[in-house]
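Accompanying notes for the structure given below.
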Amino acid sequence: MNLIPSFPALLGLSTSYFGGIGSFHKRKSGRKRRIRFYMDGCFDLVHYGHANALRQAKALGDELVVGVVNDEVIVEHKGPPVLNMEER
């Protein structure tokens, strides 16, 4: 018996929806579809916390798409970025 809950379960998400890591999910038509997960962030100085968040996000689906937030949004929410958009 596995006593360690899955990552989706820790987040309070439906584990039946997410299934296993790297698994395919059937549509009503019977065709399999892959789960794509999106995450965005500033990532001006990538550190262990960023890497851990990316690893956990990847575990939620089959494919991880990562977006980098532009300078204007970063300034609005947290102040000037350490590296500008071109450098990131």
What distance separates [X] [atom1] from [Y] [atom2], expressed to the nearest 0.5 Å?
| X | Y | atom1 | atom2 | value |
| --- | --- | --- | --- | --- |
| F37 | L60 | CZ | CG | 4.5 Å |
| M39 | L54 | CE | CG | 4.5 Å |
| R34 | D62 | CZ | CG | 4.5 Å |
| Y48 | R55 | OH | CZ | 6.5 Å |
| I35 | L64 | CD1 | CG | 13.5 Å |
| M85 | R88 | CE | CZ | 5.5 Å |

field: Nearest heavy atoms of C42 and I74, plus distance in Å
entry: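 Closest approach of C42 to I74: SG-CD1, 3.3 Å.
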
field: Distance-minimising heavy-atom pair for P81 and D71
entry: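 Residues P81 and D71, closest heavy atoms: CG-OD1, 3.6 Å.
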
field: Check: F43 and L83 side chains under 4.5 Å, non-hydrogen atoms
entry: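 No, every pair of side-chain atoms sits at 4.5 Å or beyond.
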
task: Evaluate side-chain contact (heavy atoms from CB on, under 4.5 Å) for K58 paired with V66, printing each intermediate quantity in order.
output: CA-CA 10 Å; K58 173 62 176 112; V66 178; over 6 Å; no

task: Using atom types as modelled and distance alone, determine if a side-chain donor or acceptor of Q56 lies under 3.5 Å from a backbone N or O of A53.
output: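 Here the side-chain-to-backbone pair does not exist.
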
message: I'd like to know if the side chain of H50 and the backbone of H47 have a donor-acceptor N/O pair within less than 3.5 Å.
response: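 Yes, H50 side chain to H47 backbone: donor-acceptor pair under 3.5 Å.
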
